[in-house]
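What follows is a single structure, written as structure tokens, with notes after it.
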Amino acid sequence: AVRLPPQDETLNGDGTVHRGYLQISVLTELGIMARRGERLAESIAAHLPKALKLNVDGGKVTINRPPFIGNGYRDRTHWRVPVQIHYEAS
């Protein structure tokens with residue numbers, strides 16, 4: 001996860017919000033159709049849609065943007081497809 005600096009727009013310090021994103025890399029073997037990795041990336045993104053709220057100890061995590069699936073590329077012996085999931089925790 002890549003964390004950004006926390007923000008708090010309240011005067012009393014009770015509204016701290018933590019933002020960042022989770023970077024997921026889907027790896028499939030070269031020689032297998034690249035579409036396999038892209039389908040898996042799409043499946044991951046479908047499970048973490050914008051506005052999804054997850055209850056965690058001490059607060060909640062909200063997916064605050066649509067998931068972003070980057071372009072797949074060759075990474076030595078694998079085909080890599082990046083997926084970014086942006087979140088806000090409070």
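What you see is a predicted model; the values in this text were computed from it and never measured.
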What distance separates [X] [atom1] from [Y] [atom2], expressed to the nearest 0.5 Å?
{"X": "Asp75", "Y": "Arg80", "atom1": "CG", "atom2": "CZ", "value": "4.0 Å"}
{"X": "Arg39", "Y": "Thr28", "atom1": "CZ", "atom2": "OG1", "value": "10.0 Å"}
{"X": "Glu29", "Y": "Trp79", "atom1": "CD", "atom2": "CH2", "value": "15.0 Å"}
{"X": "Asn55", "Y": "Asp57", "atom1": "CG", "atom2": "CG", "value": "10.0 Å"}

Do you know which two heavy atoms are closest between [X] and [Y], and how far apart they sit?
{"X": "His47", "Y": "Ser43", "result": "ND1-O, 2.8 Å"}
{"X": "Val61", "Y": "Tyr87", "result": "CG1-CB, 3.9 Å"}
{"X": "Ser90", "Y": "Val17", "result": "CB-CG2, 4.4 Å"}
{"X": "Val81", "Y": "Ala41", "result": "CG1-CB, 3.7 Å"}

- From Gln7, His18, Lys60, Arg19, residue fulfilling side chain to side chain donor-acceptor pair (under 3.5 Å) relative to Glu88: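 Among the candidates, only Arg19 passes.
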- Message: Can you confirm whether more than 12 heavy atoms, excluding those of Arg35, are under 6.0 Å from its CZ atom?
- Response: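 Yes.
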- Query: Under 6.0 Å from the CZ atom of Phe68, do we count more than 12 heavy atoms belonging to anything else shown?
  - Reply: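 Open.
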Common cluster, [X]/[Y], ILVMFWY with side-chain heavy-atom separation under 4.5 Å:
{"X": "Leu52", "Y": "Leu22", "result": "yes"}
{"X": "Val83", "Y": "Tyr73", "result": "no"}
{"X": "Leu48", "Y": "Tyr21", "result": "no"}

Are the side chains of [Y] and [X] in contact, using a 4.5 Å heavy-atom criterion?
{"X": "Ile24", "Y": "Ile85", "answer": "yes"}
{"X": "Lys50", "Y": "Arg65", "answer": "no"}
{"X": "Glu38", "Y": "Ile69", "answer": "no"}

